[in-house]
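So you know, we letter chains A, B, ... as the sequences are listed, proteins then strands, and number each from 1.
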Amino acid sequence: MERSYLELREKVEKKDKGLREKVKSLSEAVALIPDNVHVAIGGCHYSRTPMALIWEIIRQRKKGLTFSKSITATEGDLLLVAGTTRHIITSWFSPGVTWGVSRIMRHYVQSGEAQYEEWSHMSLGLRYKAGAMGVPFLPARSMLGSDVFKRLSNVKEMSCPFTGDKLALVPALNPDVAIIHVQKADPYGNAQISGFPFMDKDIALAADRVILTTEQIIDNSEIRRTPDRTDIPFFCVDAVVEAPCGCLPHECYGVYEPDFNHMDMYVKLMMEKSVDGVKEYLDKYFYGPETFEDYLDLFHVKDIVKATLSAKKGYGG
Amino acid sequence: MERSYLELREKVEKKDKGLREKVKSLSEAVALIPDNVHVAIGGCHYSRTPMALIWEIIRQRKKGLTFSKSITATEGDLLLVAGTTRHIITSWFSPGVTWGVSRIMRHYVQSGEAQYEEWSHMSLGLRYKAGAMGVPFLPARSMLGSDVFKRLSNVKEMSCPFTGDKLALVPALNPDVAIIHVQKADPYGNAQISGFPFMDKDIALAADRVILTTEQIIDNSEIRRTPDRTDIPFFCVDAVVEAPCGCLPHECYGVYEPDFNHMDMYVKLMMEKSVDGVKEYLDKYFYGPETFEDYLDLFHVKDIVKATLSAKKGYGG
Amino acid sequence: MAVKVSYNTAELVCISSARLLEDGKVVFAGAGLPLLSAILAQKTHAKTLTILFEGGVIGPFVEPGKLPPSTNEQRCATRANMVLPTTDVLLLQQRGYVDYGFLGGAQVDQYGNINSSYIGDWDRPTVRLPGTGGGNDIASLSKVIVAMHHEKRRLVKKVDFITSPGYLSGGNSRKEAGLIAGGVLKVVTHLAILGFDEEKGVMCLEGLQPGATVEKVKENTGFDLMVKDNLYEASAPTEEELRVLHILDPERRYTTARGE
Amino acid sequence: MAVKVSYNTAELVCISSARLLEDGKVVFAGAGLPLLSAILAQKTHAKTLTILFEGGVIGPFVEPGKLPPSTNEQRCATRANMVLPTTDVLLLQQRGYVDYGFLGGAQVDQYGNINSSYIGDWDRPTVRLPGTGGGNDIASLSKVIVAMHHEKRRLVKKVDFITSPGYLSGGNSRKEAGLIAGGVLKVVTHLAILGFDEEKGVMCLEGLQPGATVEKVKENTGFDLMVKDNLYEASAPTEEELRVLHILDPERRYTTARGE
């Protein structure tokens with residue numbers, strides 16, 4: 001999976017970097033993802049998860065994907081049970097502290113069926129950042145001495161040539177594809193994120209290809225009025241899909257909070273019935289609906305209205 | 001000048017990091033800067049230069065300061081002629097391509113009186129970034145093979161332990177003081193920058209102390225309405241000075257463009273009379289006025305009105 | 001007037017930890033009880049305590065009753081001073097801007113090493129726990145407070161897996177591994193406040209929670225615990241602390257009683 | 001209908017360089033003539049050419065007549081798609097997102113090394129020039145076009161100081177130094193379009209500007225210049241190119257005639 005600097009550059013150099021429209025349907029966009037590649041997921045935990053793309057990835061029955069994500073929530077369960085992946089690179093994996101430890105994660109990892117490759121949160125962030133910067137590694141003062149460090153095969157230690165300090169070197173992570181959900185993007189792929197940026201800017205620059213979903217496609221002239229708010233430049237982006245409510249049941253900062261009733265329902269099903277429960281869930285919510293709009297239609301309007309109202313009120317109090 | 005990691009941390013750990021008011025007068029703020037320390041200047045070239053602070057630094061007759069700045073414009077001339085510094089770390093030094101090469105820079109450097117320590121622009125940026133990140137260096141693929149690299153004493157080469165690539169290692173730069181001008185800051189030091197961020201976020205985090213001037217002090221509640229627009233967190237900041245037009249004759253993005261008439265006048269004087277010309281300029285504009293307001297009063301209202309109008313119209317076209 | 005207040009073990013740990021957070025300091029708080037405890041400190045004795053969350057938040061003022069179950073969701077940003085990328089907020093610790101890291105502990109050993117990854121064998125674990133999150137970074141880079149329930153199976157001689165480093169194998173081993181800053185400061189349980197012997201890097205009993213005895217603490221600890229000479233008894237949660245705590249967490253999502 | 005257009009040497013260099021910039025590509029342009037030339041390309045044949053400026057700008061559409069004398073000032077951000085930190089915009093080159101770097105040259109040698117730092121001795125230079133700015137980074141990380149006036153003292157055998165690396169000492173020396181990507185593509189002067197021999201890494205004459213001869217080029221070059229077999233003559237600036245150029249730079253701040 002390690003590629004040379006020139007190989008990485010070649011992918012980027014060959015991209016059509018002109019200011020051209022890249023609006024696609026969900027299925028067209030996901031068709032850009034081959035099997036057996038590494039897909040980085042934007043957002044963090046259950047915030048700004050590109051759920052519409054994950055929904056479509058599962059429906060297109062992709063195989064052998066490796067996923068990386070800063071913190072993995074319920075979407076990790078779904079990708080494991082759907083058979084999309086057997087290898088997840090992340091720093092934490094469960095729905096959330098109040099919901100307990102994911103039985104799905106435990107099931108697949110404890111049996112040895114799937115690999116949960118654990119990095120510290122900052123180290124994973126630095127891996128993406130190294131990838132985004134075009135350097136093969138970044139130095140850090142974290143992970144040293146721990147078993148997290150010992151268990152990883154691709155980290156190194158060095159003695160700093162300036163100070164003699166012992167440092168951890170974390171290798172660049174350059175995903176084949178990044179999937180990211182944003183609040184606003186123009187048809188060319190210029191994206192503006194509100195609230196938590198998480199690691200998404202670095203992920204977008206580190207990846208060979210970037211697929212965006214956006215709550216709303218806005219005109220390029222709107223981007224140009226506040227260019228200092230643009231987080232992802234158009235030339236990184238290969239596809240833009242308009243997907244309102246594209247994170248549900250997860251949240252999208254300033255647009256909607258999580259649908260906690262749905263989350264509670266999912267977690268209950270998952271915790272009680274494990275793999276079978278998640279299969280039921282996939283049948284009903286992922287394989288059943290014909291379109292993503294039909295998926296959304298399975299949510300309760302009152303829950304969405306509440307989640308939307310709370311988020312739109314904002315947090316500036 | 002190189003300090004150990006624990007020494008650097010100690011400075012930061014000892015700061016009073018509570019959410020407390022730090023509003024000071026220009027002279028109180030500049031009094032925080034001792035002689036013989038390293039001061040990093042925010043902004044770049046003639047954009048968002050913290051001119052009010054430089055004005056006061058020169059008036060307080062500071063000595064033996066080392067300055068670093070991404071690109072140095074007319075403020076570099078002034079600091080040399082005033083005798084404030086004999087050592088400037090930067091990547092480019094002159095008023096601007098259409099104005100030609102600074103005679104002051106040439107005078108002091110060619111005679112060996114002052115040192116212009118030249119780094120590539122990106123390398124200097126990475127030095128601040130390493131300082132901000134708390135690591136002793138960052139790797140880069142720039143400067144290698146050039147005489148810029150050869151002439152520097154504190155850079156190293158390494159063979160990447162992951163890929164075997166030859167890399168340049170640039171050492172962290174942790175200034176004793178950072179002086180930065182912003183469009184908006186609250187009394188605690190939370191700063192929001194519009195337009196070009198330059199290297200200012202990294203400079204602020206890399207430095208032991210941060211002194212801000214701001215076009216306008218805003219209420220903390222305004223910051224909290226858009227926390228994702230905050231660029232410098234309050235706990236880095238040691239002093240906040242309200243200094244409207246604090247960059248003149250340089251520009252402040254979205255507030256005023258440069259006063260080009262003033263710049264032309266200055267450059268003409270500097271190019272024709274070299275050190276004597278700049279001494280004249282300092283007498284009139286720096287040592288003469290009693291307050292910074294009196295300095296501003298020496299500008300022409302029509303020029304400022306024009307510069308302000310153009311900037312406020314914005315660039316969203 | 002001594003009023004007998006009633007509280008459960010989780011509330012005790014939460015309140016007792018909150019007291020360690022001083023006004024004017026910066027604390028990096030993990031999800032769950034640490035988050036609740038840090039906010040409690042802010043609402044009681046430490047008004048200008050600055051809280052950092054892993055999601056990328058500096059200085060929020062989370063609303064009572066709206067404590068989020070993740071430090072990565074938007075309600076964590078309520079009235080924040082700054083929101084920034086995850087990697088950058090974690091790097092603030094590496095730069096030295098964080099006075100305290102604040103973690104929950106699934107399993108902690110005598111050297112303060114925390115395990116939140118594997119119970120049993122690494123390759124075929126009995127339980128795969130959620131993992132480090134920012135825990136390893138916090139423990140590597142900051143002075144750490146650990147809040148946890150006091151049980152023999154949780155306070156062990158040697159953790160199955162060092163997710164977040166304490167003093168590793170004691171003595172100088174933490175520094176020798178390259179972790180020259182930070183380290184575990186206190187472990188707060190419902191029975192005790194535990195500190196560390198500076199030279200040996202080994203946990204020792206410093207204070208007893210109200211009603212606890214040295215014997216009871218030792219009984220519930222999986223290794224031979226040193227006891228400091230000047231052992232003190234901590235004061236019970238006050239009515240005011242409990243009142244604020246209940247406002248913050250009315251549904252008791254984070255302070256459900258745990259079996260004694 | 002052949003109309004005799006009149007243009008000066010600076011205009012010729014500007015227009016001739018602009019023609020090398022293809023539509024749909026990304027160019028990192030330095031201040032002065034490169035900035036003007038890149039905008040000219042955008043306003044003529046390369047509508048979706050994306051310009052990057054060192055100040056931290058992606059995809060601006062600078063207004064005619066308002067060309068700023070620095071790539072770090074706000075007018076460079078006019079109608080930009082993105083504004084970002086300086087270090088980050090420079091790093092885009094390291095990542096490979098830039099097709100062309102575009103620089104002016106004070107002094108260039110046979111290997112394409114550019115000097116914008118010292119004339120004479122490094123310690124006591126005859127002239128201390130402004131320095132590298134982003135030039136070194138651009139030349140280290142991207143394929144470079146250099147636009148300059150053709151003079152013997154500017155096109156020299158060996159530069160006094162390598163500010164921005166070309167092929168260093170020729171052959172494989174650039175790669176061996178660690179610069180495995182990028183390199184000088186073309187040097188455009190008012191007399192010639194110069195390329196590089198791939199193996200030797202040495203400058204060679206590829207094209208003649210209108211009216212120039214091999215002899216004249218050689219006369220004005222400070223080293224023995226190789227001449228490619230398939231030498232071509234470039235076409236003169238068109239009326240349209242000149243018209244647009246004059247709109248962009250009405251005060252001729254960047255296109256003052258330079259002595260032949």
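- Of the atoms belonging to A:Ala140, heavy atoms from both backbone and side chain fall under 4.5 Å from chain C.
- Of the listed residues (A:Gly195, A:Ala168, A:Ser111), the one with the most heavy-atom contacts under 4.5 Å to chain C is A:Ser111.
- Note: A:Cys252 leads A:Ser70, A:Pro258, A:Cys252, A:Gly96 in heavy-atom pairs under 4.5 Å with chain C.
- Rounded to the nearest 0.5 angstrom, A:Glu251 CD and C:Ser70 OG are separated by 8.0 Å.
- No other option in A:Gln110, A:Arg106, A:Lys166 has as many heavy-atom pairs under 4.5 Å with chain C as A:Gln110.
- Contacts with chain A (heavy atom to heavy atom, under 4.5 Å) involve these residues of residues 126-141 of chain C, listed by number: C:Thr126, C:Val127, C:Arg128, C:Leu129, C:Pro130, C:Gly131, C:Thr132, C:Gly133, C:Gly134, C:Asn136, C:Asp137, C:Ser140, C:Leu141.
- Distance check: C:Ile162 CD1 to A:Phe149 CZ gives 13.5 Å after rounding to the nearest 0.5 Å.
- The candidate from C:Pro85, C:Gly182, C:Gly166 with the greatest count of non-hydrogen atom pairs under 4.5 Å with chain A is C:Pro85.
- The only member of C:Val57, C:Leu84, C:Thr86, C:Val89 that meets side chain to side chain contact (heavy atoms under 4.5 Å, CB included) when paired with A:Phe196 is C:Val57.
- The environment of CD in A:Glu113 is crowded: more than 12 heavy-atom neighbours from other residues, nucleotides or ligands sit within 6.0 Å.
- Within residues 42-51 of chain A, the residues that have a heavy atom under 4.5 Å from a heavy atom of chain C are A:Cys44, A:His45, A:Tyr46, A:Ser47, listed by number.
- Per-residue counts of heavy-atom pairs under 4.5 Å with chain A were compared for C:Gly32, C:Ala31, C:Pro125; the largest is that of C:Pro125.
- For the options A:Ser142, A:Ser102, A:Ser94, heavy-atom pairs under 4.5 Å to chain C are most numerous at A:Ser142.
- Contact count against chain A (heavy-atom pairs under 4.5 Å) is highest for C:Gly55 among C:Gly56, C:Gly55, C:Ser169.
- Formation of a donor-acceptor pair under 3.5 Å by the C:Gln74 side chain with backbone atoms of A:Gly254 is found in this model.
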Problem - Chi angles and distances behind the side chain to side chain contact (heavy atoms under 4.5 Å, CB included) call for C:Thr87, A:Lys201 - result: CA-CA 11 Å; C:Thr87 313; A:Lys201 294 186 211 186; over 6 Å; no
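- Note that the CG atom of A:Asp147 and the CH2 atom of C:Trp122 stand 3.5 Å from one another [nearest 0.5 Å].
- Rounding to the nearest 0.5 Å gives a distance of 9.5 Å between CH2 of A:Trp92 and CD of C:Glu54.
- Identified by a heavy-atom distance below 4.5 Å to chain A, contributing residues of residues 103-110 of chain C are lacking entirely.
- Once rounded to the nearest 0.5 Å, the distance linking CD of C:Glu251 with OG1 of A:Thr98 reads 10.0 Å.
- Within the model, atoms CG of A:Leu126 and CG of C:Leu90 stand 8.5 Å from one another, a figure rounded to the nearest 0.5 Å.
- Heavy atoms of C:Phe61 lying under 4.5 Å from chain A are absent altogether.
- Nearest heavy atoms, A:Phe198 versus C:Asn72: CZ-O, 3.4 Å.
- Annotation: maximal heavy-atom pairing with chain C below 4.5 Å, among A:Val101, A:Thr72, A:Asp202, A:Asp200, occurs at A:Val101.
- Neither the backbone nor the side chain of C:Asn115 has a heavy atom closer than 4.5 Å to any heavy atom of chain A.
- Taking 4.5 Å as the heavy-atom cut-off, the residues of residues 114-122 of chain A that approach chain C are A:Tyr116, A:Glu118, A:Trp119, A:Ser120, A:His121, A:Met122, ordered by number.
- Per-residue counts of heavy-atom pairs under 4.5 Å with chain A were compared for C:Gln93, C:Glu176, C:Gln94; the largest is that of C:Gln94.
- Other residues, nucleotides and ligands contribute at most 12 non-hydrogen atoms within 6.0 Å of the NZ atom of A:Lys184.
- Using a 4.5 Å cut-off between heavy atoms, A:Met199 contacts chain C through both its backbone and its side chain.
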